[in-house]
2 protein chains.
Amino acid sequence: MTNEDSQLLVQFLKVLADESRLKILGILANQEASVEELAAYLQLKPPTVSHHLNRLRELGLVTMRQDGNVHTYRFQADALSQVNRLLKPEKLAQLADVEGDAWQRKVLRDFLNGVELKEIPASRKKRLVVLQWLADQFEWDRTYPESEVNEIIGRHHPDFATLRRELIGNRFMARENGVYWRISEKSSSEKSNT
Amino acid sequence: MTNEDSQLLVQFLKVLADESRLKILGILANQEASVEELAAYLQLKPPTVSHHLNRLRELGLVTMRQDGNVHTYRFQADALSQVNRLLKPEKLAQLADVEGDAWQRKVLRDFLNGVELKEIPASRKKRLVVLQWLADQFEWDRTYPESEVNEIIGRHHPDFATLRRELIGNRFMARENGVYWRISEKSSSEKSNT
DNA sequence: ATCGAAGTTAGATCAATATCGAATTAGATG
DNA sequence: CATCTAATTCGATATTGATCTAACTTCGAT
């Protein structure tokens with residue numbers, strides 16, 4: 001489902017999600033009708049019906065034919081199939097993909113001030129996002145002595161000891177013989193930014 | 001399509017016709033999620049998401065499971081099938097039937113003041129409605145001399161001659177040898193009221 | 001038992017829009 | 001041409017509803 005498909009679906013649903021317009025379609029599904037007839041059926045004034053017919057026409061749900069002064073509207077059944085095509089679980093699922101990691105970005109926006117970590121998130125999920133970001137401050141393919149680890153973390157937050165332990169505990173980094181290095185995630189979906 | 005079906009369809013469409021809610025469904029179609037995650041994905045505040053989830057839950061489009069403080073929402077794919085079932089040309093066509101002859105009633109309401117015909121409609125379609133009503137003032141299974149026809153019509157409008165000719169011309173009544181009687185319509189859908 | 005975090009509820013605000021009356025356009029008719 | 005009718009357009013109004021902040025509830029952890 002492309003992004004335009006998604007926008008189109010919303011437009012269709014907005015136009016259909018109105019009792020008057022559904023009734024209009026219902027009437028026109030039986031037989032074509034003029035604005036005045038529709039207005040009387042629906043107990044609405046002609047300008048209101050005209051407005052609704054315009055919205056329906058914009059999406060191809062009805063067409064208009066003019067006989068003298070009378071505008072006769074006709075239902076276009078196949079336009080509905082577009083909606084039914086898009087309104088399926090699989091299609092909706094594709095809709096979400098365009099979004100991406102907005103949540104992670106939000107967490108970082110909330111807890112970072114520039115490169116400064118305002119505080120350590122209490123919730124585990126958010127803490128993991130921040131730790132991932134912190135781990136990204138370290139390069140791959142090399143080791144760091146503890147002093148350098150403390151210094152790098154210290155640029156972002158005073159409590160480097162806690163954060164260092166968290167990095168190890170949550171397997172963003174590993175330690176052996178007093179040196180530290182980054183380790184890769186197995187399957188998690190987190191990604192860094194900047 | 002019953003009337004409740006129709007109301008249900010409108011409710012569904014109203015709930016679905018919102019970009020945020022469609023996105024929520026899109027995300028949940030891929031994996032279940034908590035309120036906060038959804039809020040971050042969509043860049044909305046938790047109360048807003050909570051509101052949307054409530055609307056979706058009312059229609060069975062999502063279900064909720066509570067783990068401690070975290071409410072985890074899950075997409076219910078089969079709820080969508082209801083919409084697809086109702087959103088078909090044939091179903092919409094059935095929707096109009098519940099309405100009936102509102103238009104005719106409207107015309108009569110406009111042109112009648114009690115039993116008094118305020119004026120003779122200029123538009124043919126409306127004139128036919130009024131003539132049908134006028135014809136209903138005559139009984140079946142008997143004949144009327146012209147004088148009585150004039151008198152009966154005269155109760156409703158001064159110009160009884162024009163109306164009498166219209167009744168004949170539009171085949172609501174017939175005349176032979178100076179007497180008049182009602183004749184039945186072939187297939188027209190008009191019905192009278194009181 | 002206290003505190004913090006996730007969620008919901010309540011209330012307020014603001015934008016979108018359904019509806020209508022008035023004015024306008026365009027066709028038909030005498 | 002003058003008039004009448006159907007339809008549309010325009011402007012105003014009123015309602016609906018999406019979103020937010022603030023307050024409250026509930027649960028878990030310290």
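Order of the sequence lines fixes the chain letters, A, B, ..., with proteins taken first and strands second; residue numbering starts at 1 for each chain. The analysis underlying the following values was restricted to heavy atoms, covering all of them including side chains, and did not include hydrogens, waters or symmetry mates.
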Tell me whether the side-chain N/O atoms of [X] come closer than 4.0 Å to OP1 or OP2 in [N].
X        : N      : value
B:Ser50  : C:dT9  : no
A:Ser20  : C:dT19 : yes
B:Tyr73  : C:dA6  : no
A:His52  : C:dT19 : yes
A:Arg124 : C:dA5  : no

Exercise for the section: For the pair B:Val130 and B:Lys126, evaluate side-chain contact (heavy atoms from CB on, under 4.5 Å) and give the outcome as yes or no after the intermediate values. Expected result: CA-CA 6 Å; B:Val130 169; B:Lys126 294 178 187 173; 5.7 Å; no
Problem - Presence of salt bridge, B:Lys125 and A:Glu36, under 4.0 angstrom - result: no
Measure from the side chain of [X], starting at C-beta and using heavy atoms only, and say which of [options] lies closest.
X        : options               : answer
B:Lys45  : D:dT21, C:dG7, D:dT19 : D:dT21
A:Ala122 : D:dC20, C:dG7, C:dA5  : C:dA5
A:His51  : C:dT8, C:dA22, C:dA18 : C:dA18

Practice task
Please work out if B:Arg55 contacts a base, only the sugar-phosphate, or nothing of the nucleic acid, heavy-atom cut-off 4.0 Å.
Solution key: sugar-phosphate
Exercise for the section: Would you indicate what B:Thr48 reaches in the nucleic acid, counting non-hydrogen atoms under 4.0 angstrom: base, sugar-phosphate, or nothing? Expected result: base
Completion exercise
Checking A:Gln76, A:Glu32, A:Arg74 against A:Thr63 for side chain to side chain donor-acceptor pair (under 3.5 Å), the one that qualifies is A:Gln76
Exercise for the section: Measure distances between side-chain N and O atoms of B:Asn69 and base N and O atoms of C:dA5, and say whether any donor-acceptor pair falls under 3.5 Å. Expected result: yes
Exercise for the section: Mark yes or no for whether A:Arg164, through its side chain, and A:Asn150, through its backbone, hold a donor-acceptor pair below 3.5 Å. Expected result: no
Completion exercise
Rounded to whole Å, CD of B:Gln66 lies from C1' of C:dT8 at a distance of 11 Å
Handout entry: For the student: nearest non-hydrogen atoms of B:Ser34 and B:Val70, plus distance
Key = CB-CG1, 3.7 Å
Practice task
Using five pairs at either end of the helix from C:dA1-D:dT30 to C:dG30-D:dC1, determine the angle between the two local helix axes and round it to 10 degrees.
Solution key: 10°
